[in-house]
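Everything numeric in this text was worked out from a predicted model, so none of it was measured. Quick note on labels: first sequence line is chain A, next is B, and so on, each numbered from 1.
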Amino acid sequence: MRTSQFPLNTVKETPADAEIISHQLMIRAGLVRKLAAGLYNWLPLGVKVLQKVQTIVREEMNNAGALEVLMPVVQPAELWQESGRWEQYGAELTRLNDRHGREFCLGPTHEEIITELARNEIKSYKQLPLNYYQIQTKFRDEIRPRFGIMRSREFIMKDAYSFHSDEESLQQTYDRMYLAYNNIFNRLGLDFRPVLADTGSIGGNASHEFHVLADSGEDAIAFSTDSQYAANVEKAEALAPSEPRGEASETLQKVSTVGQRSIEEISNFLNIQPQQCLKTLLVNGDEDNVIALVLRGDHQLNEIKAEKLAGVASPLTLASDDDIKRIAGCNAGYIGPIGLDIPMIVDRSAAQAANFVCGANENDQHFTGVNWLRDLAEADHIADIRQVVAGDKSPDGQGTLTIARGIEVGHIFQLGTKYSEAMKASVLNEQGKNQTMTMGCYGIGITRVIAAAIEQHHDDKGIIWPAALAPFQVALLPMNMHKSERLKAASETLYEQLIEAGFEVIFDDRKVRPGFMFSDMELIGIPHRIVLGDRGLDNGMVEYRGRTDTENVDIPLQDIIQHLKDRC
RNA sequence: CGGGGUGUAGCGCAGCCUGGUAGCGCAACUGCUUUGGGAGCAGUGGGUCGGGAGUUCGAAUCUCUCCACCCCGACCA
């Protein structure tokens with residue numbers, strides 16, 4: 001492609017409404033343009049990247065035995081009524097009527113449609129298993145679309161649905177999809193983790209989310225240094241400390257801590273580590289009472305874990321200041337477990353603490369050298385209520401946990417019979433009896449993958465495409481070609497040769513200054529750059545520079561194609 | 001939906017408080033010069049100041065109202 005025929009539409013200034021780096025770069029590099037909230041036009045350069053992703057996904061899905069289908073975006077209400085989701089789904093499901101007043105919706109997903117298709121097309125167990133997939137536009141009227149392509153209302157998704165006569169077959173396909181997803185994200189050149197996911201209300205046996213690791217990710221993920229264990233931080237279990245509790249060597253003392261309220265202030269004031277403190281949080285119980293939660297000073301409460309415990313109100317809410325004063329006799333900041341006469345849930349780590357510091361239930365007073373059993377009753381309700389932190393033991397007993405942020409780009413799920421039962425999708429089994437099919441579903445956010453890739457691969461100059469995603473592999477930049485016939489001839493020849501050799505080349509034949517070309521090509525993230533200049537041609541040389549290189553390398557003109565082949 | 005904020009040229013912004021000729025930078029277009037890291041000079045075009053209503057002799061500016069968009073919370077690929 002020539003830039004004279006393939007406009008790059010780059011912009012120098014960062015758009016004001018783009019918050020995260022991928023959104024800014026996708027607009028600056030001319031991949032997308034916003035049409036309305038959560039709706040984007042894809043420009044030619046963006047479409048090239050989209051197609052790269054789609055091609056890889058298609059190849060791996062086909063390799064895994066899945067069959068491509070294509071289902072409508074507009075879906076009849078009847079099917080959603082059959083599955084019960086017409087009522088369940090809220091405003092996120094966009095509903096509309098046709099000219100006859102019949103009800104339809106814009107598909108946020110396609111379980112209903114595929115189940116309808118399968119129950120008509122699949123009659124016998126002999127046809128199973130079967131795995132259908134499509135690459136199709138979805139529409140979800142998100143409460144708050146944000147982060148550009150990352151969470152838009154309209155987006156492109158690869159969704160697959162498998163049908164089986166038994167659980168074993170489902171597990172086989174699930175495992176195959178798990179592998180295919182690993183292949184896909186590996187080929188895309190992304191640093192990712194398959195993460196154990198909650199099967200939630202839909203049920204089923206297993207579910208994994210695939211997360212691309214990036215600091216801007218919306219989810220925090222804990223994974224083991226030594227094993228395959230990985231889970232959303234919200235779900236990751238914090239094990240009890242393995243080492244025994246320390247000796248009660250210090251004596252109990254009440255100390256004045258005027259004005260020192262937070263754990264940070266207390267530990268600075270007393271010159272101790274935060275983990276030597278215990279903090280006591282008062283939360284509302286589920287029957288108009290108040291419950292104390294005790295955690296180590298360096299740990300954070302995991303609200304999701306806490307609100308699942310019996311007695312704790314869900315959703316979790318903190319006790320009011322009035323209740324705190326009435327029950328503890330002091331302000332928040334000086335609450336402690338000693339002498340508190342309400343139900344108390346103690347975190348596993350806090351229960352192992354010895355010689356700790358805690359509030360004295362008296363303003364401006366703390367206890368030091370506190371020990372369970374000696375100074376207050378041994379905790380009778382110990383539970384896991386904290387957020388895991390980096391360095392914790394992995395719940396599977398192997399290695400320690402590392403915490404990273406992730407962007408969910410894929411999700412595989414054993415659905416079971418939720419839809420097939422509601423919609424009566426059955427086959428005849430070997431006994432000639434009707435049998436409900438078991439289902440799995442497998443999604444990849446195609447458009448989100450692109451944003452995630454940019455979040456993970458960029459620098460201050462722009463995008464750094466992984467090889468598989470780059471819209472062009474090679475940028476061919478002649479310096480002031482319009483002034484030199486010799487340079488023009490050499491550039492045109494090399495351009496032809498590169499195409500002949502199978503490279504996707506962007507040939508910058510614009511009459512612009514060199515710096516302009518460099519900046520554009522770096523912004524749009526082309527992995528390999530060849531610069532041709534009169535100076536180099538005198539010696540039969542061209543310059544090569546990879547996108548992340550800091551130095552140019554002179555390469556003889558006749559060797560450049562081989563040089564590129566070695567690097568691609 | 002709750003809370004906060006912004007709408008002025010394609011993009012980024014000033015002007016608004018204190019009403020009186022609509023501005024700056026970038027981009028675009030023309031010409032000349034320049035040409036190895038987003039050039040310089042000169043010139044040109046481009047605006048119902050988000051929409052509507054009101055106050056006023058006069059509204060980008062004050063008032064009311066509607067709309068759009070962005071940010072923080074509950075959802076998800």
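Comparing B:A9 with B:C49, their P atoms sit 10 Å apart, to the nearest whole Å. To the nearest whole angstrom, the two P atoms, one in B:A77 and one in B:G40, are 50 Å apart. B:G7 sits 15 Å from B:G15 when the C1' atoms are compared, rounded to a whole Å. Atom name P, nucleotides B:G23 and B:U48: the rounded distance is 15 Å, in whole Å. Nucleotides B:G25 and B:C67, compared at atom P, are 37 Å apart to the nearest Å. On the P atoms, B:U61 is 12 Å away from B:G52, given to the nearest whole Å. Separating the C1' atom of B:C62 from that of B:C17 is a span of 11 Å, rounded to the nearest Å. Taking the P atom of each, B:U65 and B:C71 are spaced 26 Å apart, rounded to whole Å.
Distance CZ (A:R510) to P (B:A28): 10 Å, rounded to an integer number of Å. Straight-line distance from the NE2 atom of A:H482 to the P atom of B:U34: 11 Å, rounded to whole Å. In this structure, A:K511 places its NZ atom 10 Å from P of B:U33, rounding to the nearest Å. Taking atom CG on A:L35 and atom C1' on B:A68, their separation rounds to 13 Å, with Å as the unit. One interatomic measurement links the two molecules: CZ of A:R529 to C1' of B:G38, which rounds to 13 Å at whole-angstrom precision. For A:R33 and B:A27, the CZ to C1' distance is 12 Å, given to the nearest whole Å. Between the P atom of B:G38 and the CZ atom of A:R28 lies a distance of 15 Å, rounded to the nearest Å. Between the CG atom of A:D508 and the P atom of B:G38 there is a distance of 15 Å, rounded to whole Å.
With a cut-off of 3.5 Å on both pairing distances, the Watson-Crick or G-U wobble partner of B:U63 is B:A53. Under the Watson-Crick and G-U wobble criteria, each requiring two contacts below 3.5 Å, nucleotide B:G58 is left unpaired. Under the Watson-Crick or G-U wobble criterion, with both distances below 3.5 Å, B:G2 is paired with B:C72. Under the Watson-Crick or G-U wobble criterion, with both distances below 3.5 Å, B:G31 is paired with B:C41. Searching all strands for a Watson-Crick or G-U wobble partner of B:U21 with both distances below 3.5 Å returns nothing.
Remark: A:R151 engages A:E142 in a salt bridge, criterion side-chain N to carboxylate O under 4.0 Å. Using a 4.0 Å cut-off between a side-chain N of Lys or Arg and a carboxylate O of Asp or Glu, A:K138 and A:D159 qualify as a salt bridge.
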Report, one pair per line, the protein and nucleotides 4-7 of chain B atoms (nitrogen or oxygen only) whose separation is under 3.5 Å.
none

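Note that A:R193 lies outside the cation-pi zone of A:F210, set by a 6.0 Å cut-off to the ring centre and a 45° limit from the axis. A cation-pi contact, defined as under 6.0 Å to the ring centre and within 45° of the axis, is absent between A:R33 and A:W42. No cation-pi contact links A:R2 to A:F507, judged by a cut-off of 6.0 Å to the six-membered ring centre and 45° from its axis.
Between the side chain of A:N480 and the base of B:G36, no donor-acceptor pair under 3.5 Å is found.
Residue A:S162 is tested with A:L130, A:L170, A:L415 for a side-chain contact (heavy atoms from CB on, under 4.5 Å); the sole match is A:L170.
Within 6.0 Å of atom CD in A:Q228, 12 or fewer heavy atoms from other residues, nucleotides or ligands are found, so the atom counts as exposed in its surroundings.
Taking the six-membered ring where the residue is Trp, A:F413 and A:H411 present tilted rings, their angle falling between 30° and 60°.
Using a 4.5 Å heavy-atom cutoff, the side chains of A:Y544 and A:R529 are not in contact.
The aromatic ring centroids of A:Y178 and A:H208 lie less than 6.0 Å from each other. Aromatic ring centroids of A:F472 and A:F6 lie under 6.0 Å apart.
Counting any heavy atom pair closer than 4.0 Å across all strands shown, A:D159 reaches no nucleic acid atom. Contacts of A:T109 with the nucleic acid, taken as non-hydrogen atoms under 4.0 Å apart, are absent. Within 4.0 Å of A:V512, counting heavy atoms only, lies no atom of the nucleic acid at all. Within the nucleic acid shown, A:N552 comes within 4.0 Å of at least one base atom, counting heavy atoms only.
Here B:G37 is the nucleotide among B:G37, B:G12, B:G36 with the atom lying nearest to any side-chain atom of A:R545. Of the listed nucleotides (B:G37, B:G36, B:U35), B:G36 has the atom at the smallest distance from the side chain of A:R535.
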| query | Using a cut-off of 4.0 Å between protein heavy atoms and nucleotide atoms, how would you tag nucleotides 70-77 of chain B 5' to 3' with B, S and -? | reply | SBBBBBBB
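Using a 3.5 Å distance cut-off with no hydrogens or angles, the side chains of A:K488 and A:H482 do not pair a donor with an acceptor.
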